Peer 1: 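Pasting in a structure now, in structure tokens, and then I'll have a few things to ask.
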Amino acid sequence: MKANYLDELNERQREAVLHINGPLMIVAGAGSGKTKVLTTRIAHLMRNGVDAFNILSLTFTNKAAREMKERVEKILGGSEARNLYIGTFHSVFARLLRAEAHRLGYPNDFTIYDTDDAKSVLKTIINELNLDDKHYKPNFVYNRISAAKNSLMGPEEYQHDYYVQQEDMRANRPLIGKIYDMYAKRCFKNGAMDFDDLLFKMYVLLKSFPEVLHKYQHKFKYIMIDEYQDTNPAQYEIIKLLGAVNENICVVGDDAQSIYSFRGATIQNILQFEKDYDDARVVKLEQNYRSTKSILNVANEVIAHNKGQIEKNLWTDNQDGDTIKLVRTNTDNEEGKFVADTIAEQKLRNHYDNRDFVILYRTNAQSRSFEESLRRKAIPYRIYGGLSFYQRKEIKDFVAYLRITMNTRDEESLKRIINYPVRGIGKTTIEKTLVLSNDHNITMWEVLERAREFGFKGGTLEAIDGFVTMIRSFQAMLGKHNAYDVAVNVGKSTNIVKELFNDKTTEGLARYENVQELLNSIKEFTETPDEEGELLDKSLGSYLQQITLLTDADNENKEDSDVVKLMTIHAAKGLEFPVVFTVGLEETLFPSGMSINTREELEEERRLFYVAITRAKSRLWLTYANSRYRFGNLVQNEPSRFLEEMPEKFIDRSYAGGGAIRNAFGSTNGGGWGAGGGSNMFDRMQKKTTPSSPQQQNQGPRPAPKPATGPVSTHVPTPGFAPDDPAGMEPGMQVEHQKFGFGTITGMEGAPNNRIATVVFPKGGGEKKIMLNYAKLRIVR
DNA sequence: ATAACAACCCGGATA
DNA sequence: GGGTTGTTAT
């Protein structure tokens with residue numbers, strides 16, 4: 001062990017580390033060395049005689065857990081760190097529940113349903129109730145149920161809670177309680193828990209079985225919680241229960257970075273900590289080691305617009321650094337192009353690698369224009385988020401076989417693969433099985449097992465028996481072979497691997513490779529020592545429960561490859577990058593149009609902006625576009641209100657054109673470039689510029705980012721551009737297009753209600769087919 | 001049964 | 001625009 005581990009800490013950090021017994025709250029500002037303090041504290045506890053087996057450390061992401069474990073190991077040197085119980089709330093509780101599930105009537109190998117599984121179950125139930133799933137949208141219902149569970153409200157209470165019922169009535173969806181009830185029963189019948197159940201049932205378990213609570217209270221004598229500001233009431237109550245005896249609870253958080261209220265998190269948990277534990281020690285980490293003064297000052301001033309923060313003054317010894325660059329472009333595509341150009345330029349000018357850059361956006365859908373522009377410039381990139389590996393269809397299909405092998409109650413998985421690959425068990429048979437299972441109150445699997453008895457005949461009976469025999473053969477393997485051998489056998493017996501192998505299309509090839517990758521991951525799982533806790537559980541059931549809790553970001557193998565990263569701001573929390581582009585800073589997008597109705601919502605958006613800013617170590621670009629495509633049509637947004645909240649001193653607005661942005665803010669016509677607005681004004685105030693590409697402007701002595709290619713498709717529409725009725729358009733006419741500029745209609749085809757014009761745009765890339773219902777054209781003459 | 005095509009929906013962030 | 005679901009044609 002490093003003897004001098006305390007020397008590497010500043011005074012505040014040391015204070016936090018040295019506190020051993022009793023409740024402790026560490027208020028850790030962005031970039032203040034939070035992880036270092038947490039890991040050093042764990043090491044310090046162990047140094048002072050605390051057994052690793054008695055330490056529980058909970059995080060929100062697998063990545064944070066992994067990192068913490070590695071760093072503790074590094075400080076301690078030995079292998080003792082292996083005995084620590086470090087993991088995400090969900091994965092730790094899944095493991096504990098796995099050990100205790102029988103008490104709740106669940107199989108120990110219960111299935112964990114991800115969001116898609118859960119919504120699919122909900123859709124089934126909604127249809128069973130003869131409700132319209134356009135009105136009772138599974139997504140909406142799921143969110144309601146999720147919120148209920150996160151505040152520890154079961155179906156009974158939900159249906160009898162006056163306030164909740166009022167809400168559902170007002171939303172004209174009075175039957176959500178009924179759906180919740182059926183959903184809970186269905187999940188139980190299926191032997192399945194969804195993500196929220198992992199918290200909810202954990203609470204129920206501890207509350208209902210004092211001996212279980214007692215056991216874990218004495219096992220986990222020291223508890224640490226990372227990102228405490230993101231805990232929800234369920235997590236809060238569980239922590240409180242577990243820590244009630246020893247009260248050795250150490251929470252770390254930053255109220256300024258609370259961005260998960262949609263997941264039920266309540267900022268109250270951190271604000272109230274001192275009231276919950278009256279002898280709590282509070283330590284504030286206020287020195288930032290990450291960012292330049294410019295960046296930090298901007299961040300501080302932005303967050304100061306929120307009310308009711310824990311008082312703190314984040315400061316840094318780092319140098320002033322560059323100003324923050326504010327960039328306005330005409331369209332989302334130009335925004336993408338600007339960012340790609342700037343990355344290329346910065347790589348040359350300041351010798352950055354691709355891995356030094358991150359592009360942060362509010363919504364995943366924004367990634368498209370950046371992907372395109374990066375690809376065009378041959379800059380390698382990777383998008384984080386979106387579909388996780390385990391959400392791909394071919395993987396879910398394969399995993400469904402494994403799930404049904406472990407847990408035959410799992411109806412969702414059964415339905416998924418009962419006729420995949422096709423084996424002659426069609427819709428009618430499945431329906432019949434379903435009805436029988438409901439009538440006799442048994443699982444579908446039990447119906448299939450007793451198919452003959454239930455009157456199935458001929459080819460159908462044969463097919464069913466074949467299926468049952470096959471699944472049983474997998475189950476028989478479990479005792480004698482490891483998870484990998486079982487999985488390989490599943491691939492063979494079902495013919496899935498062969499079938500994918502024979503598919504020579506590009507997608508088929510990718511699917512085949514994905515399944516191979518799945519098999520590899522199972523192999524790796526069975527062969528490597530356990531990551532988390534002392535439970536050396538290498539079973540297939542354990543594997544299945546873990547993978548559902550993995551996200552895209554946990555695909556770490558490409559972690560340090562030299563690529564530009566693209567992700568949502570949410571996904572970037574806890575990370576840092578030398579150069580950050582925060583994009584799409586427009587009203588209705590960021591802040592989201594859905595979160596501007598209450599102060600609470602808006603403040604959370606602002607905290608999100610704060611998180612985005614504080615990811616940057618040395619350079620920060622903020623970009624926004626006058627107009628962008630959203631759901632297929634062009635919309636125009638004003639610059640984000642957050643841009644007004646930044647101190648002028650540290651901002652370089654010359655990229656955007658200082659006049660232009662101020663005009664947009666003060667504009668009475670409201671639009672970024674409405675009639676007589678934006679572009680006109682912009683022209684007037686920047687006489688020397690070419691109006692076609694405002695993002696390339698360079699006002700000061702500072703060198704401009706010089707995009708390598710000229711503005712090919714950049715066209716600034718005529719002031720007052722408004723589309724004309726397509727009905728009046730005929731070949732020969734001169735028209736104007738928002739992007740392609742002026743052109744001539746040379747041909748017309750298609751039905752009267754869906755006419756397609758052929759238009760030649762001399763400056764906009766030649767001949768194009770324009771669907772008149774979609775693209776807006778202005779008739780010039 | 002599958003492929004090709006039309007209709008429809010989406011409002012967001014995640015373990 | 002893009003992804004998914006439903007419908008129709010072969």
Side-chain angles (χ1 to χ4, degrees), chain A residues 58-65 87-94 112-120 123 133-135 137-140 142-143 146 149-150 193-200 202 227 230-232 234-235 257-265 332-333 360-369 371-372 384-388 390-391 393 419-422 424 426-427 505 545-554 567-574 584 588-596 601 604-605 607-609 611-612 628-635 754 771 774-775:
Chain A
L58 296 173
T59 65
F60 274 83
T61 65
N62 294 297
K63 202 174 163 205
T88 65
F89 280 93
H90 289 86
S91 71
V92 166
F93 294 169
I112 297 174
Y113 281 166
D114 66 20
T115 319
D116 295 333
D117 300 322
K119 285 176 188 168
S120 159
K123 194 170 177 185
D133 59 19
K134 299 270 158 58
H135 184 61
K137 287 179 191 155
N139 196 38
F140 181 86
Y142 176 83
N143 286 331
S146 173
K149 285 182 186 170
N150 285 329
M193 296 195 198
D194 64 20
F195 287 148
D196 302 310
D197 282 330
L198 296 178
L199 308 181
F200 184 46
M202 186 70 208
E227 309 278 15
D230 289 331
T231 52
N232 61 37
Q235 291 161 324
Q257 295 184 63
S258 164
I259 54 173
Y260 278 104
S261 72
F262 72 92
R263 209 161 58 184
D332 46 357
N333 287 331
L360 301 178
Y361 34 74
R362 178 70 237 272
T363 67
N364 279 310
Q366 284 165 258
S367 67
R368 207 197 89 256
S369 63
E371 285 179 72
E372 279 174 14
Y384 286 78
L387 267 202
S388 120
Y390 298 99
Q391 285 174 289
K393 187 189 171 297
N419 201 33
Y420 171 81
V422 276
K427 218 169 154 191
T505 62
Q545 291 187 344
Q546 290 303 300
I547 59 170
T548 312
L549 301 172
L550 296 179
T551 61
D552 187 39
D554 293 314
M567 64 183 84
T568 63
I569 300 165
H570 282 89
K573 189 157 77 144
T588 75
L589 187 57
F590 193 17
S592 160
M594 281 174 274
S595 306
I596 50 175
E601 288 170 345
E604 177 146 324
E605 293 287 306
R607 290 192 293 268
L608 195 53
F609 186 42
V611 168
R628 71 173 61 239
Y629 277 93
R630 259 179 123 179
F631 305 125
N633 34 1
L634 196 67
V635 297
N754 183 29
M771 296 177 72
Y774 169 61

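Just so it is clear: chains get the letters A, B, ... in the order the sequence lines come, proteins before strands, and each one is counted from 1. Computed from a predicted model, the values in this text were never measured in an experiment.
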Peer 1: Identify, with sequence neighbours excluded, every residue that meets side chain to side chain contact (heavy atoms under 4.5 Å, CB included) alongside A:Asn364.
Peer 2: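 A:Tyr361, A:Thr568.
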Peer 1: Can you tell me, in whole Å, how much space there is between the P of C:dT4 and that of B:dA13?
Peer 2: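 My reading of the P atoms in C:dT4 and B:dA13 gives 15 Å.
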Peer 1: The criterion is side chain to side chain contact (heavy atoms under 4.5 Å, CB included); which residues satisfy it with A:Thr363, sequence neighbours excluded?
Peer 2: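 With sequence neighbours excluded, A:Thr363 shows a side chain to side chain contact (heavy atoms under 4.5 Å, CB included) to A:Ala365, A:Gln366, A:Leu589, given in chain and number order.
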Peer 1: What nucleic acid atoms does A:Phe89 come within less than 4.0 Å of, heavy atoms only: base, sugar-phosphate, or nothing?
Peer 2: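 Nothing, no nucleic acid heavy atom in range.
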Peer 1: Within the structure shown, what part of the strands sits under 4.0 Å from A:Thr115 by heavy-atom distance: base, sugar-phosphate, or nothing?
Peer 2: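 Base contact.
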Peer 1: Identify, with sequence neighbours excluded, every residue that meets side chain to side chain donor-acceptor pair (under 3.5 Å) alongside A:Asn143.
Peer 2: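 In terms of side chain to side chain donor-acceptor pair (under 3.5 Å), with neighbours along the sequence ignored, A:Asn143 is linked to no residue.
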Peer 1: Please state how far atom NZ in A:Lys63 lies from atom P in B:dT14, giving the value in whole angstrom units.
Peer 2: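 In whole Å, B:dT14 P lies 14 Å from A:Lys63 NZ.
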Peer 1: Would you kindly compare A:Ser146 and A:Asn419 by the position of their nearest DNA chain B nucleotide and give the one closer to the 5′ end?
Peer 2: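 Taking each residue's closest nucleotide, the earlier one in sequence belongs to A:Asn419.
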Peer 1: Give each protein N/O atom lying under 3.5 Å from an N/O atom of nucleotides 7-13 of chain B, with the pair distance.
Peer 2:
from   : atom 1 : to       : atom 2 : distance (Å)
B:dC10 : OP1    : A:Lys137 : NZ     : 2.3
B:dG12 : N1     : A:Ser595 : OG     : 3.3
B:dG12 : N2     : A:Arg362 : NH1    : 3.1
B:dG12 : N2     : A:Ser595 : OG     : 2.7
B:dG12 : N2     : A:Glu605 : OE2    : 3.1
B:dA13 : OP1    : A:Asn364 : N      : 2.7
B:dA13 : OP1    : A:Asn364 : ND2    : 3.2
B:dA13 : N3     : A:Arg362 : NH2    : 3.1

Peer 1: Would you give the length of the straight line joining atom CE of A:Met594 to atom CD of A:Glu605, rounded to the nearest 0.5 angstrom?
Peer 2: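 A:Met594 CE to A:Glu605 CD: 9.0 Å, rounded to 0.5 Å.
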Peer 1: Tabulate protein N/O versus nucleotide N/O from nucleotides 8-10 of chain C, keeping only pairs under 3.5 Å, one per line.
Peer 2:
none

Peer 1: Could you list the residues that satisfy side chain to side chain contact (heavy atoms under 4.5 Å, CB included) with A:Gln545, not counting sequence neighbours?
Peer 2: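 A:Gln545: side chain to side chain contact (heavy atoms under 4.5 Å, CB included) contacts with A:Arg98, A:Phe110, A:Ile112.
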Peer 1: Expressed as a whole number of angstroms, how long is the span from A:Gln366:CD to C:dG1:C1'?
Peer 2: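 Rounded to the whole Å, the gap is 14 Å.
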Peer 1: Rounded to the Å, how far apart are A:Lys573 NZ and B:dA15 C1'?
Peer 2: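 Rounded to whole Å, this separation is 13 Å.
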Peer 1: Assess whether a salt bridge exists between A:Glu371 and A:Arg368, defined as any Lys/Arg side-chain N lying under 4.0 Å from an Asp/Glu carboxylate O.
Peer 2: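 Salt bridge between A:Glu371 and A:Arg368, a charged N being under 4.0 Å from a carboxylate O: no.
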Peer 1: In whole angstroms, how far is the C1' atom of B:dA15 from the OH atom of A:Tyr390?
Peer 2: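 In whole Å, B:dA15 C1' lies 15 Å from A:Tyr390 OH.
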Peer 1: Nearest whole angstrom, please: distance from the P of B:dT2 to the NZ of A:Lys427.
Peer 2: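 Between P of B:dT2 and NZ of A:Lys427: 15 Å.
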Peer 1: How many Å lie between CG on A:Asn150 and C1' on B:dT14, as a whole number?
Peer 2: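 The answer, rounded to whole Å, is 11 Å.
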Peer 1: Centre of A:Tyr420's six-membered ring, under 6.0 Å away, within 45 degrees of the axis: is that where NZ or CZ of A:Lys393 sits?
Peer 2: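 Relative to the ring axis of A:Tyr420, which defines the angle, A:Lys393 lies inside both limits.
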Peer 1: From CD of A:Glu371 over to P of C:dG2, roughly how many Å is that when rounded to an integer?
Peer 2: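 Those two atoms, CD and P, are 10 Å apart.
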Peer 1: To the nearest 0.5 angstrom, please state how far the CG atom of A:Asn62 sits from the CD atom of A:Gln546.
Peer 2: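 Answer rounded to 0.5 Å: 7.5 Å.
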Peer 1: Whole angstrom is fine here: how far is it from CG in A:Asp114 over to P in B:dA15?
Peer 2: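 From A:Asp114 CG to B:dA15 P: 12 Å.
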Peer 1: Measure from NZ or CZ of A:Lys149 to the centre of the six-membered ring of A:Phe200, then state whether that distance is under 6.0 Å and the direction lies within 45° of the axis.
Peer 2: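 Ring-cation test returns no.
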